2 protein chains.
Amino acid sequence: MVELSALQLTLQDHLKKNGLKKTRQRDVILTTLWDADKHITIDELLELAQEQIPGIGYATVYRSLKLFVRVGIVAERRFGEGQTQYEIVHDEHHDHIICTECGHIIEFEDELIERRQNEIAIQYGIEILSHRHEIFGRCLDIAKCEQLKSAK
Amino acid sequence: MVELSALQLTLQDHLKKNGLKKTRQRDVILTTLWDADKHITIDELLELAQEQIPGIGYATVYRSLKLFVRVGIVAERRFGEGQTQYEIVHDEHHDHIICTECGHIIEFEDELIERRQNEIAIQYGIEILSHRHEIFGRCLDIAKCEQLKSAK
DNA sequence: CTTATTGCAAATGCTTTGCAAGCAA
DNA sequence: TTGCTTGCAAAGCATTTGCAATAAG
């Protein structure tokens, strides 16, 4: 698990190297996203950030997120419909198993799949930068699943 | 591999069951998408469909695709930026390798990964319903990549 | 001081929708 | 004939951008 301070350092390093500036807005947005600890939409993020900086607007949040994505500390996800979701990149190599009933998310990492991926990509003449692997299914333990579901 | 006629039957069945109508537009759009035999954007699809039906417009293409997705014969995908892409559902199990520079998309299917996925999911007490596996990278053949990129 | 950043509003891009005319059943 | 579909244009969202004011280095 990555520390918030490590992300802040990565960001500051990038800012310095590119003649960009450290601002309260960027700091609050990153910290807010960290605290959320899951994927979150622009609307949710803006609302939370406004608790710290009342005047902050959509444009700043969008621009900051694009910056964070470029720096590699935030990932952008477009699930089905609606707004794009953002989340802190905790670890490059974990993937997700999601129960579509209760929404339970399990993180997994498999070396065999990782290796195989690399082989396949090379075979097709591509060098891997990142990947996303999501498995959707249903909990076999129905009772526990229903319980988690109603807890929402 | 699914036959076009099988998709047409599935569609007609759905139309009949729901009191909907078989139209030239729907037929041309489905056939065009079949012929394209890959992911395609609305713009590309519209352009191709207009060769058959000059007056056809965006709204009809969008509406038809939504219908096909509901019926389950077409899949909707939102890769990085820009327009949603559509493709005929040939088979549940293929995945994608995407060049983030030129946007080139390669389909792959790997039995080893498929099997491993199943093992992992069972290990975590989940029964797989579907999955999504996307690998992002860069073409090793830079020249060809730049060419594809500028062709956009 | 200089220049990047912000906040606002306007603009853009993709997708959806309302409506009158057209077409399938 | 009935009412689903179409094509057009207008509307609706999500995201981006231009610009003057502001703040960081």
Side-chain angles (χ1 to χ4, degrees), chain A residues 8 11-30 32-33 39-71 74-86, chain B residues 8 11-30 32-33 39-71 74-86 103 152:
Chain A
Q8 288 170 330
L11 178 59
Q12 283 186 45
D13 187 54
H14 175 93
L15 296 179
K16 189 162 282 178
K17 276 193 182 124
N18 294 79
L20 305 179
K21 290 166 181 173
K22 186 172 179 302
T23 66
R24 188 155 126 68
Q25 283 78 349
R26 286 173 178 167
D27 188 49
V28 165
I29 292 167
L30 184 60
T32 303
L33 195 52
H39 36 82
I40 188 175
T41 63
I42 293 278
D43 281 332
E44 294 166 330
L45 188 50
L46 177 66
E47 204 174 325
L48 290 167
Q50 280 175 335
E51 290 174 11
Q52 309 294 316
I53 307 177
I56 199 170
Y58 277 103
T60 302
V61 178
Y62 273 112
R63 283 189 280 228
S64 300
L65 287 171
K66 286 240 131 181
L67 170 67
F68 299 164
V69 168
R70 230 172 297 134
V71 175
V74 164
E76 200 173 32
R77 287 171 180 266
R78 302 176 71 187
F79 293 114
E81 307 281 290
Q83 287 182 304
T84 300
Q85 305 215 196
Y86 295 85
Chain B
Q8 288 171 331
L11 178 58
Q12 283 186 46
D13 187 54
H14 175 93
L15 296 179
K16 189 162 282 178
K17 277 194 181 125
N18 294 80
L20 305 179
K21 290 166 181 173
K22 186 172 178 302
T23 66
R24 189 155 127 66
Q25 283 78 348
R26 286 173 179 169
D27 188 49
V28 166
I29 293 167
L30 184 60
T32 303
L33 194 52
H39 309 270
I40 189 175
T41 62
I42 292 278
D43 281 332
E44 295 166 330
L45 187 51
L46 179 66
E47 204 173 325
L48 290 167
Q50 280 175 336
E51 290 174 12
Q52 309 293 316
I53 307 176
I56 199 169
Y58 277 103
T60 302
V61 177
Y62 273 112
R63 283 188 281 228
S64 300
L65 287 171
K66 287 240 131 182
L67 170 67
F68 299 164
V69 169
R70 232 173 296 133
V71 175
V74 164
E76 199 175 32
R77 297 188 169 258
R78 303 176 69 188
F79 295 113
E81 307 281 291
Q83 287 182 303
T84 301
Q85 304 213 205
Y86 294 85
K152 296 212 146 181

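Not measured: the values here are computed from a predicted model. Chain naming here is simple, since letters A, B, ... match the order of the sequence lines and numbering starts at 1 in each.
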Would one find a side-chain N or O of [X] under 4.0 angstrom from OP1 or OP2 of [N]?
X       : N      : result
B:Gln83 : C:dT15 : yes
A:Thr60 : C:dT5  : no
A:Tyr62 : D:dT16 : no

Provide, to the nearest angstrom, the distance between the [atom1] atom belonging to [X] and the [atom2] atom belonging to [N].
X       : N      : atom1 : atom2 : answer
A:Glu76 : D:dT16 : CD    : C1'   : 13 Å
A:Arg78 : C:dG13 : CZ    : P     : 15 Å
B:Lys66 : C:dT17 : NZ    : C1'   : 12 Å
A:Ile42 : D:dT16 : CD1   : C1'   : 12 Å
A:Leu65 : C:dT6  : CG    : P     : 12 Å
B:Gln85 : C:dC14 : CD    : C1'   : 13 Å
A:Ile29 : C:dG7  : CD1   : C1'   : 12 Å

Check: At their closest point, which heavy atom of A:Lys22 faces which heavy atom of A:Leu15, and how far apart are they?
Finding: CA-CD1, 3.9 Å
Notebook entry, point to check: For DNA chain D, what residues of residues 43-55 of chain A have any heavy atom nearer than 4.0 Å?
Noted result: none
Next item on the list: Give me the residues of residues 13-27 of chain A where at least one heavy atom lies under 4.0 Å from an atom of DNA chain D, by number, or none.
Entry: A:Lys21, A:Lys22
Check: Of the candidate nucleotides C:dT16, D:dT15, D:dG18, which contains the atom at the shortest distance from the side chain of A:Thr84?
Finding: D:dT15
Next item on the list: Measure from the side-chain heavy atoms of B:Arg63 and tell me the nearest of D:dG7, D:dT15, D:dG18.
Entry: D:dG7
Next item on the list: Might you work through the side chain to side chain contact (heavy atoms under 4.5 Å, CB included) test for B:Asp13 and B:Lys17, ending with a clear yes or no?
Entry: CA-CA 6 Å; B:Asp13 187 54; B:Lys17 277 194 181 125; 2.9 Å; yes
Check: Take atom CD in B:Gln12; do more than 12 heavy atoms of anything else shown fall under 6.0 Å from it?
Finding: yes
Next item on the list: Specify the angle, to 10°, made by the local axes at the two ends of the helix from C:dC1-D:dG25 to C:dA25-D:dT1 when five pairs are taken at each end.
Entry: 40°
Notebook entry, point to check: Under the side chain to side chain contact (heavy atoms under 4.5 Å, CB included) criterion, do B:Gln25 and B:Ile53 qualify, and how do the steps go?
Noted result: CA-CA 8 Å; B:Gln25 283 78 348; B:Ile53 307 176; 4.2 Å; yes
For the backbone of [Y] and the side chain of [X], can you confirm whether one donor and one acceptor N or O come within less than 3.5 Å of each other?
X       : Y       : result
A:Thr60 : A:Ile56 : no
A:Arg26 : A:Lys21 : yes
B:Glu44 : B:Thr41 : yes

Check: Any side-chain heavy atom of B:Gln8 sitting closer than 4.5 Å to one from B:Leu11?
Finding: no
Next item on the list: Determine whether B:Gln83 and B:Asp43 make a side-chain contact, defined as any pair of heavy atoms from C-beta on separated by less than 4.5 Å.
Entry: yes
Margin query: What verdict does the side chain to side chain contact (heavy atoms under 4.5 Å, CB included) test give for B:Val61 and B:Ile29, after you've listed the backbone C-alpha separation in whole Å, the side-chain angles of each residue and the deciding distance to 0.1 Å?
Written below: CA-CA 7 Å; B:Val61 177; B:Ile29 293 167; 4.1 Å; yes
Margin query: Here's a test of your reading of the structure: between B:Tyr86 and A:Leu67, which maps to the more 5' nucleotide of DNA chain C?
Written below: A:Leu67
Note to self: Please tell me whether B:His39 and B:Gln85 have a donor and an acceptor in their side chains that are separated by less than 3.5 angstrom.
What the structure shows: no
Margin query: Applying side chain to side chain contact (heavy atoms under 4.5 Å, CB included) to B:Val74 and B:Leu33, what does each step give before you reach the verdict?
Written below: CA-CA 9 Å; B:Val74 164; B:Leu33 194 52; 3.6 Å; yes
